[in-house]
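See below for the structure under consideration.
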Amino acid sequence: MYRRQHRHTLDTTPSILFVDAPWWQRAVFYQIYPRSFATSRGQPTGDLAGIEQHLDHVSWLGTDAVWLSPFYPSPMADFGYDVADHCDVDPLFGDLEAFDRLLAACHRRDLKLLVDLVPNHTSDQHPWFRAARSSRDDPRRDWYVWRDGSSDTPPNNWLAAFTGESAWTWDDATGQWYLHLFLPEQPDLNWANPEVAEAMHGVMRFWLDRGVDGFRIDVVHGLGKDPALPDDPPESTGLPHSALNDTAETHDVIRGMRKVVDAYPGGRLVLGEVFLLSTERVATYYGNGDELHLSFNFPPLFAPWDASRWRRQVEDTTLYIAQRANGWPTWVLSNHDNVRHRSRYGGSEQRARAAVFLLLGLRGSPVLYAGEELGLEDAVIPDERRVDPGGRDGCRAPIPWDGAAGHGWGVEEAWLPWPPEADARNVAVLRDDAGSILHLYRRLLTARRASSALQTGDFAWIDVPESILAWRRTDDGGQRVVAVNMGEDGLLPVEGTVLVASDGVGEGEAFGGVLGRDRAVLIDPS
Ligand code: ISL
């Protein structure tokens, strides 16, 4: 069913290649936000060469694939999610040669690389929109979503993200409204126009031809709009339309994109950002094996540190995604849009240590966000340093690489304040401390790589007290038990050897039967 192979990575740990599952079902993804990861040239913002210089950290940790947030030319109204040219690199981050070097450096380490595709909207400075806006008769006019009306009444009640105001902006020069699910500087493309699909497929081929392993697709559920543009229902009051758009049209668009990647060899991946707050709805974006390979599923990210709430999230994910033909879940606790999970769960490192057992132990592909392996909390951002229109600066603080002034960036201050305790909580210091959360992440990633049961095995709950989540992962190769305690100390009726413990205690020994509050264990029950 599978064969053991030594892979030639910088890591000396033998790893196992399971040939029966596609790579992305076994993979652990690592999200890099390029502005905040590392600089190669002593700048307050990171760059592609800086990422390349720090790739050994990513492979030492034991992840399999990198997802790079946008690095394309951009006016940065949304820090790169407002793309002005999909086929180039912003000078802030380097150039296409720097990209090619980074891609080659990833592949030398057996790391896959996904780039972020932003197909729902462009920057208002993109040549396409400049042309579209220039005149109602411009051939590109219909590449965006325009509607007639009077300048004081938008075409419908849709709200934009971040501003909380109308998703329509009046263009005085041409006397029509244009749609933007996000900032007015991010006009939505009109995917009902086949020329848009053709152009964006060209963008995909541009990166696939360079050798990328696939795409994380931004706001993929937003692409198809109901041509009637119906009002959002009153009960959704306050939610931006970007969290509600869920139309049949979008599934056609995704099938078109899937065909583009499937035409390439080597299992190129589409991992979609479906930001709908229902796992049942998210699941539909896997289609019949002809839409997304993987989708983000955010309801678990929004669940508090509470065992019964988490149990429900796991059950929903199992029911709607894992049990769906071609469904394979993903798990994510932190990203560049949300308060880091350590901060969300109350700030204790102990909880952050236990939480990674959910990410790496549940059935599905985990997506880590750079810095969570350091147990980072959100940075405290004074008002005068806030820059994001969506208020998401805290989770985007720069990665501290060492404890010296400038934390490896060569500047006193980076584009955002350093995260808390950066003098002690940084890569260099935590690497020297075998008991650190960083080493815990690494031990757990190593244990996951060594166990096909943990990667792709079946999932079954173990009957335990309410405050504990415990489950068994099983396949022909063996079994693993994972347990996470979100409440009072409790009895865990499992025997076996502790492989990894969230507090590092008792690893290699027989499990003692009691799991403490905010603690987690990985057990080999054989
Ligand atoms: O960030 C959010 C709430 O604070 C989400 O609603 C977010 O807008 C949604 O997940 C879509 O996010 C993606 O597209 C946005 C961009 O700002 C985000 O950074 C990106 O992840 C527009 O491109």
Pairs in or reaching into residues 493-505: which pass side-chain hydrogen bond (donor to acceptor under 3.5 Å, both in side chains), with residues at least two apart or in two chains?
D503-R519

Please determine whether a side-chain nitrogen of the Lys or Arg among E377 and R425 lies less than 4.0 Å from a carboxylate oxygen of the Asp or Glu.
no

I need the F215 CZ to L113 CG distance, nearest 0.5 Å.
10.5 Å

Going by an N to O cut-off under 4.0 Å, is there a salt bridge joining R311 and E315?
no

Residues D209, R205: salt bridge by 4.0 Å N-O rule
no

Kindly say whether G80 contributes a backbone atom to a donor-acceptor pair with the side chain of D78 at under 3.5 angstrom?
no

With sequence neighbours left out, write down each residue that passes ring-ring contact (aromatic ring centres under 6.0 Å, His included) with Y441, or none if nothing qualifies.
none

CG/L277 to CG/L301 distance, rounded to the nearest 0.5 angstrom?
10.5 Å

Spell out, as yes or no, whether a donor-acceptor pair under 3.5 Å connects the side chain of D188 to the backbone of L181.
yes

From CA spacing to verdict: ring pair (Phe, Tyr, Trp, His ring centres under 6.0 Å), F357, W310
CA-CA 13 Å; F357 287 69; W310 259 92; over 10 Å; no

Below 4.0 angstrom, N of the basic side chain to O of the carboxylate: do E372 and R340 qualify?
no

Hey, can you tell me if F37 and H57 have their rings parallel, tilted or perpendicular (30° and 60° cut-offs)?
tilted

Using 30° and 60° as the class boundaries, would you call the ring planes of F302 and F275 parallel, tilted or perpendicular?
perpendicular

Taken to the nearest 0.5 Å, the spacing of L444 CG from H439 NE2 works out to 14.0 Å

Start with the C-alpha gap between T63 and L111, add the side-chain angles, then the distance that decides, and say whether side-chain contact (heavy atoms from CB on, under 4.5 Å) holds.
CA-CA 8 Å; T63 59; L111 289 168; 4.3 Å; yes

I399 CD1 to L376 CG distance, which is reported to the nearest 0.5 Å:
5.5 Å

Using 30° and 60° as the class limits, which term best fits the ring planes of W461 and W471: parallel, tilted or perpendicular?
perpendicular

State yes or no: are the ring centers of W331 and F29 separated by less than 6.0 Å?
no

Given D64, which partner from the list R448, R449, K112 fulfils the salt bridge (Lys or Arg N to Asp or Glu O under 4.0 Å) test?
R449

When you measure from the centre of the six-membered ring of W60, is the NZ or CZ of R431 under 6.0 Å away and within 45° of the axis?
yes

For the atom pair CG (L117) and CH2 (W207), what is the distance rounded to the nearest 0.5 Å?
10.5 Å

Proximity of W67 and F296 rings by center, below 6.0 Å:
yes

Can we call the ring centroids of F99 and F71 under 6.0 Å apart?
yes

Tell me whether D337 is salt-bridged to R392, with the criterion being a basic N under 4.0 Å from an acidic carboxylate O.
yes

Salt bridge check: are R480 and D524 linked by an N-O gap of less than 4.0 Å?
yes

Without swapping roles, check the side chain of D252 against the backbone of R255 for a donor-acceptor pair under 3.5 Å.
no

